[in-house]
There are 2 protein chains.
Amino acid sequence: MSVDHNPFDRHFDSLESIADTISEVVQCPVTIEDASHKLLAYSSHDPETDPARIATIIGRRVPENVISALWKEGIIQQIMTSHEPIRISQISEVGLGDRIAIAIRNNQDVLGYIYILDNNQRTNETSLQLLQQAAQAARTKLVQLQTQNRKQEQHHHDFFWHLLTHKNPSEPETKERASQLGISLPPRYQVIVLEFETDINEKLNQQIQYTIRTVQQIRIALHVIHNNRLIMMCAPGVGKHAELQYKDECSKFITQLKLRFGAVPVRRGGGLFYEQYVFVEKSYQEALVVIQMGNTYPEALSGIYDYNELGYYRYLPTLVVDRERKPIINESLHRLRQYDEEHNSDLSYTLEIFLNQDSNVKKAAEVLHVHTNTLMYRLKRVMEIGDIDLNNMDQKVTMYLELKLNKWK
Amino acid sequence: MSVDHNPFDRHFDSLESIADTISEVVQCPVTIEDASHKLLAYSSHDPETDPARIATIIGRRVPENVISALWKEGIIQQIMTSHEPIRISQISEVGLGDRIAIAIRNNQDVLGYIYILDNNQRTNETSLQLLQQAAQAARTKLVQLQTQNRKQEQHHHDFFWHLLTHKNPSEPETKERASQLGISLPPRYQVIVLEFETDINEKLNQQIQYTIRTVQQIRIALHVIHNNRLIMMCAPGVGKHAELQYKDECSKFITQLKLRFGAVPVRRGGGLFYEQYVFVEKSYQEALVVIQMGNTYPEALSGIYDYNELGYYRYLPTLVVDRERKPIINESLHRLRQYDEEHNSDLSYTLEIFLNQDSNVKKAAEVLHVHTNTLMYRLKRVMEIGDIDLNNMDQKVTMYLELKLNKWK
DNA sequence: CCTGTCTTTGTGTAAAACTACAAAGATAGG
DNA sequence: CCTATCTTTGTAGTTTTACACAAAGACAGG
């Protein structure tokens, strides 16, 4: 086979024929994947293969542990940035033999990958050169695919956005529209919103798309990006395994975003789970409440991501509205604030910390960096000046809620 | 003067002329009062009088301490029930000399009183007999007065009821209407509602009217009776003295109702103070909230009568509405209740008492009549079964509010 | 009936909270 | 500047809590 002749400088009917051609050239099994490691084509007639390849073909997607391993070794990063084929040493823990991989690119964008299973190291420099030609050939096919996907994606986006913003969509109509679009809706879902520091740009968008597509334990049925938010309809995958691990998987999703791309969502919120699609908007609003509350009470709600974990915080938006309609000054707090102002002291803050620390003198004193007796003295003053009985749950809850509500902008 | 001749068997121009005639007959100073001890007429040309009579004439009303003393001695009770004149021994503490009194009646109703100052015990049986005739003569005058008052009262009722039930009455129109009706509205008022066990019947009504009219430190500008409720527009009287004592006086008002007539309001509620009359309805609604909350949380809110003392309880109605619109089961409480059901234990009740007692193990154990270690053990179980951290204020407040809201019917 | 778990009550101990009191620094107002 | 008050920190003694462990009663399921 001469270098002058380029076997990929012709028309191909399909990606399969490209895969077969590569396989013929390099005499190795070949798989072609899209940007999110979904299997697009693979060479047939391959004598030897490895467990990773079998799993990929059977699941029509590269298994998650294989992807994770490749990321961990820094291989995906290499492939994505390099224009040359990359040699991959075997990773036997995930059943992956020696490989060679090259990205299929369109300008800067990575559209997919060509993997070659090279167990016996048969490939030489010449065939590696040819791989670049093969990637070129695959490119046009993938561009076509991508345009199709883009269109479909746009439809998905529109459909999801409609669900998110309309209070009472018809249940049967929604289901019909979903099946028209080829979306299989999960029987039980929740809406999750991730909020990023800044508006989501093209690069971050692609990283997110990649992460969404490669996540496997959670099922992200629909998603939309809006300004600095990623909004997703999520459901646990099939099997009890996935059901139990769901929460962990959601966190893992975010960890992956961070580890692989350094993209960290600032805030995270999840609505309740529902089974009817009339409630998508509800779950969305709930997720937004979690985000809002998280922004308002960052320390108190750190580690709380779901609406059903909000506890009494879920009532606060309602109470704020109620209070605005009917403003009543809390005499006790007012007096404390006044005293603080006049004597530039910190009685109200002291009270706040004390209550935050569950009325535990020692802990509160530590947080405030003062002697316990100092705290004791201050609390006595709080009781005197504010006319508050700090041994009375009702009065403490009143003050606690008051302090919480006062944090509202 | 012969017994056969009745000096009261003729027409009298006014109550004053009756008073003068009595005075001539018995040779003693005379005062005529209405049913609520407001001065209606008094004899002139009286040589001797006592401090109580002077104060009555100057204030155009029997001083409160005098009325109280007469009640305490059981004298008013006697006068009200007897058809005969009653002799009253002097009560020097309140400047009251020896007297003779008789009720002016129309059938069962007491319309007013005739008092005779009898310091030198000059009156004999004959003149006492004549007193009954005098009461008869005064009766017709008082009946006329009463009819007039009834009409005026009806107007007052209508006016007040309108304020209570209309959200945005015009401020200038309200003031004009008040001055038309001869009502002087207080500059600052609150609405107080007293709720009785049963609907207010004629007898209780009269007792209430009597008490309202005789109260002197609080100014009850308007009042209405509706089913089992007495609704009043109250204001402190003039002077700083009255301002400070206002709260005590309100309680005293109720004590008087109880002591004098055995009529005890079951529930009491006061709205906020306002200065504009647009807010009468608001203050009324607030008073009703206090009553409602008092009925829902009798122990917790015993001793709380005003809306501004409700603390966080004032939010509960809003929260109940919010919760109904969006029912979320509190997993922790649900699990506790379930456990209680299955093992017929009292974990949720234990938690409730523990929180009510401000997380004080000793007090809670006492309330529950168990050993502190028993309570400790139960709380540990509560934490395990409900997955609650009882050292976390947020979680405790969540549970506390949840338990409170669950008390709602 | 037995058996194992749940529950109550008891004992003991270390840690923490509450109380009273004292000393000294900080601060405001005359 | 002095003085009175407010504030912080310290010491000491009592009460309460938290925790570990043990014994015994209650109860359910085989």
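Basis for what follows: all heavy atoms, side chains included, without hydrogens, waters or symmetry-related copies. Model, not experiment: these values are computed from the prediction. Chain naming here is simple, since letters A, B, ... match the order of the sequence lines and numbering starts at 1 in each.
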Take B/R323 and B/E402, measure what salt bridge (Lys or Arg N to Asp or Glu O under 4.0 Å) needs, and give me the verdict at the end. CA-CA 10 Å; B/R323 249 165 59 106; B/E402 200 64 33; 2.6 Å; yes
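- In summary, A/E384 and A/R381 engage in a salt bridge, as defined by a charged side-chain N under 4.0 Å from a carboxylate O.
- The side chain of B/Y377 places an N or O atom within less than 4.0 Å of a non-bridging phosphate oxygen (OP1 or OP2) of C/dT7.
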For side-chain hydrogen bond (donor to acceptor under 3.5 Å, both in side chains), just list the numbers for A/Y305 and A/K247, CA-CA rounded to whole Å, side-chain angles, deciding distance to a tenth of an Å, and then say yes or no. CA-CA 10 Å; A/Y305 306 119; A/K247 274 207 68 173; over 6 Å; no
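- Within 6.0 Å of CD1 in B/I328 there are more than 12 heavy atoms belonging to other residues, nucleotides or ligands.
- Straight-line distance from the CZ atom of B/R378 to the C1' atom of D/dA18: 18 Å, rounded to whole Å.
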Starting from the C-alpha separation in whole Å, work towards a yes-or-no answer on salt bridge (Lys or Arg N to Asp or Glu O under 4.0 Å) for B/E93 and B/K72. CA-CA 13 Å; B/E93 299 96 278; B/K72 219 172 279 167; over 6 Å; no
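- Atom CD of A/E197 is surrounded by 12 or fewer heavy atoms from other residues, nucleotides or ligands within 6.0 Å.
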From CA spacing to verdict: side-chain contact (heavy atoms from CB on, under 4.5 Å), A/V397, A/M393: CA-CA 6 Å; A/V397 170; A/M393 183 65 169; 3.8 Å; yes
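- Taking atom NE2 of residue B/H343 and atom C1' of nucleotide D/dG25, one finds them 17 Å apart after rounding to whole Å.
- Distance A/L368 CG to D/dT7 C1': 15 Å, rounded to the nearest Å.
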I'd like to compare against my own output: the B/S/- annotation of nucleotides 10-21 of chain C with a strict under-4.0 Å heavy-atom distance to protein. BB----SSBBB-
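- Rounded to an integer number of Å, the gap from B/D358 CG to D/dT17 C1' is 14 Å.
- Under the 4.0 Å criterion applied to side-chain N and carboxylate O atoms, A/R314 and A/E309 are not assigned as salt-bridge partners.
- In summary, the aromatic rings of A/Y277 and A/Y189 are positioned with their centroids under 6.0 Å apart.
- Aromatic rings from A/Y246 and A/F273 are positioned such that their centres are separated by under 6.0 Å.
- The end-to-end axis angle of the helix from C/dC1-D/dG30 to C/dG30-D/dC1, rounded to 10 degrees and based on five pairs per end, is 40°.
- Across the protein-nucleic acid pair, B/E366 atom CD and D/dT15 atom P stand 14 Å apart, rounded to whole Å.
- Contacts with DNA chain D (heavy atom under 4.0 Å) in residues 381-389 of chain B: none are found.
- Within 6.0 Å of NZ on A/K326 lie more than 12 heavy atoms contributed by other residues, nucleotides or ligands.
- Rounded to a whole Å, the CD atom of B/E342 is 14 Å from the C1' atom of C/dC6.
- OP1 or OP2 of C/dT7 sits under 4.0 Å from a side-chain N or O of B/Y339.
- Across the protein-nucleic acid pair, A/H369 atom NE2 and D/dT8 atom C1' stand 16 Å apart, rounded to whole Å.
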